[in-house]
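One structure below.
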Amino acid sequence: MLTVEKKEFWFVVGSQHLYGEEALQEVRSHAEEMVKELNDNGKLSYPVVLQELAVSADAITRIMKEVNYRDEVAGVITWMHTFSPAKMWIRGTKLLQKPLLHLATQYNESIPWQTIDMDFMNLNQAAHGDREYGFINARLKKQNKIVVGYWKRQEVQKQIAEWMDVAVAFNESFNIKVARFGDNMRNVAVTEGDKVEAQIQFGWVVDYFGIGDLVRYIDAVKDEEVDALFAEYKNLYDFDYGDYDHEIWEAHVKVQARQEIGIRHFLEAGNYNAFSSNFEDLYGMQQLPGLAVQRLMAEGYGFAGEGDWKTAAIDRLMKVMARNENTGFMEDYTYELAAGRESILQSHMMEVDPTLANNKPKIVVSPLSMGDREDPARLVFDGKAGAGVVVSMADFGTHYKLLINEVELFEPTEEAPMLPVARVLWEIKPNFQEGVGAWIEAGGGHHTVVSLNVTSDQIITWAKLVGLDYILIK
Ligand code: MN
């Protein structure tokens with residue numbers, strides 16, 4: 001996939017000099033043990049690196065400056081082993097520009113009633129230290145994540161792992177670059193937005209290109225490259241020739257192969273990791289990119305149709321969070337309203353993300369029924385089942401708003417032989433009537449990103465970090 005550069009997290013342990021060097025030695029050895037446990041057994045996607053003990057304002061400030069400066073450090077995990085007077089933390093915490101997780105835990109799981117004395121209690125006073133430290137983070141409005149519980153427990157480590165994915169996505173958000181091939185679809189409202197504000201608030205660079213700029217890249221693709229990619233398609237997908245003459249069908253598919261290579265070259269040349277297209281704006285192109293876009297989505301590029309750069313950027317962001325598993329651009333299409341079976345059919349004209357595929361996709365060539373280009377090729381499949389989260393962003397003029405809805409995806413039970421696109425089905429939480437009503441009332445859009453691997457809690461953690469208004473429907 002389109003990867004993120006190597007990341008790590010710094011582990012900073014709060015203490016103080018009050019209890020002497022011997023106590024600090026013990027703090028250090030406990031911290032080493034905890035970091036080793038997290039790295040060896042935590043099922044974390046990124047390494048944790050122990051730093052010098054945070055026993056003075058100077059030390060803390062030094063560490064946080066270094067965190068900001070080093071690209072490979074995605075965030076900071078703090079643990080208040082003892083009591084760490086929080087005035088020491090003010091300067092460094094204020095300077096910190098990366099996500100912060102306060103791990104509210106303690107070295108010992110239980111209180112050793114037979115042996116506990118004042119020394120032990122002074123050394124192991126995380127309950128005391130957590131509150132002193134938490135006060136400063138709250139007062140500084142740090143929007144830090146707080147994970148509570150015994151550090152060896154799986155659910156505690158899982159929460160750390162999930163936060164890490166958000167922290168990496170937060171950092172990567174400042175590297176999101178969207179190439180817009182064409183402008184927004186004419187007359188459509190919800191796909192518009194303030195691009196300057198999006199760059200200030202979320203770090204997204206959004207650049208427009210005329211279709212001619214892209215067509216030059218597509219036309220420059222060599223026939224041998226196209227043939228090699230077509231052979232790859234043969235290995236990966238079923239070919240559904242339908243009523244087409246085989247030669248014509250293959251020629252149509254090869255148009256998409258050429259587009260795939262051309263778009264990839266264009267994106268690589270400009271360091272873009274997301275893009276949008278518009279079916280109204282295809283001057284010089286033979287087909288609307290369908291299969292081509294789906295293949296690039298599967299690789300980790302963010303995408304949305306109709307010039308919707310906001311959803312393309314959110315797609316990329318959530319793909320980073322999900323490490324590109326089961327996550328993609330979606331559009332609310334058709335309701336199922338039968339009592340007890342209420343749900344929404346999700347799809348798009350063609351561009352449904354293959355990371356959501358439950359079965360081996362087949363390549364289908366079919367007319368588009370809009371626009372005036374030749375019949376485009378696309379991948380057709382059914383979506384996976386499972387608990388998911390669906391996200392949409394809209395610009396309300398004075399601020400951006402994020403809509404988050406928890407949904408339950410399910411496999412279709414009926415064939416749809418006349419439908420030449422991939423389909424995904426989901427039920428709305430808390431129920432169809434309330435969920436759909438709340439979404440529409442809040443002004444949520446029809447373009448979304450769905451993920452089976454990201455939780456609503458992770459989305460909210462990111463929203464808080466970037467000061468984004470959000471509504472959770474669950
Ligand atoms: Mn659309």
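Note that the structure is predicted; figures quoted are calculated from it, not measured. Heads up: numbering here begins at 1 and tracks the sequence. Whatever order the structure lists ligands and atoms in, that order sets their numbers, starting from 1.
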With a 3.5 Å cut-off and sequence neighbours excluded, list the donor-acceptor pairs that the side chains of residues 461-470 form with protein atoms.
residue: Thr461; atom: OG1; partner: Asp457; partner atom: O; Å: 2.8
residue: Asp469; atom: OD2; partner: His399; partner atom: NE2; Å: 3.4

Heavy-atom donor-acceptor pair, Lys254 side chain to Asp227 backbone, under 3.5 Å: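 Not at all, since once roles are kept as given, no pair shorter than 3.5 Å links the two residues.
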For a quick check under 3.5 Å, do Asn358 and Glu411 share a side-chain donor-acceptor pair by atom type?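 Result is yes, a qualifying pair exists.
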Centroid separation under 6.0 Å, is that true for the rings of Phe381 and Tyr237?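 Ring centres of Phe381 and Tyr237 not closer than 6.0 Å.
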Classify the angle between the aromatic ring planes of Tyr400 and Trp309 as parallel (below 30°), tilted (30 to 60°) or perpendicular (above 60°).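 It falls in the perpendicular class, over 60°.
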Give me the ring orientation class for Tyr241 and Trp249: parallel if the planes are under 30° apart, tilted from 30 to 60°, perpendicular past 60°.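 Judged by the thresholds at 30° and 60°, the geometry between Tyr241 and Trp249 is tilted.
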At a cut-off of 2.8 Å, what protein N/O/S atoms sit near the Mn ion (ligand 1)?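 Checking every protein N, O and S atom gives Glu306 OE1, Glu331 OE1, His348 NE2, His447 NE2.
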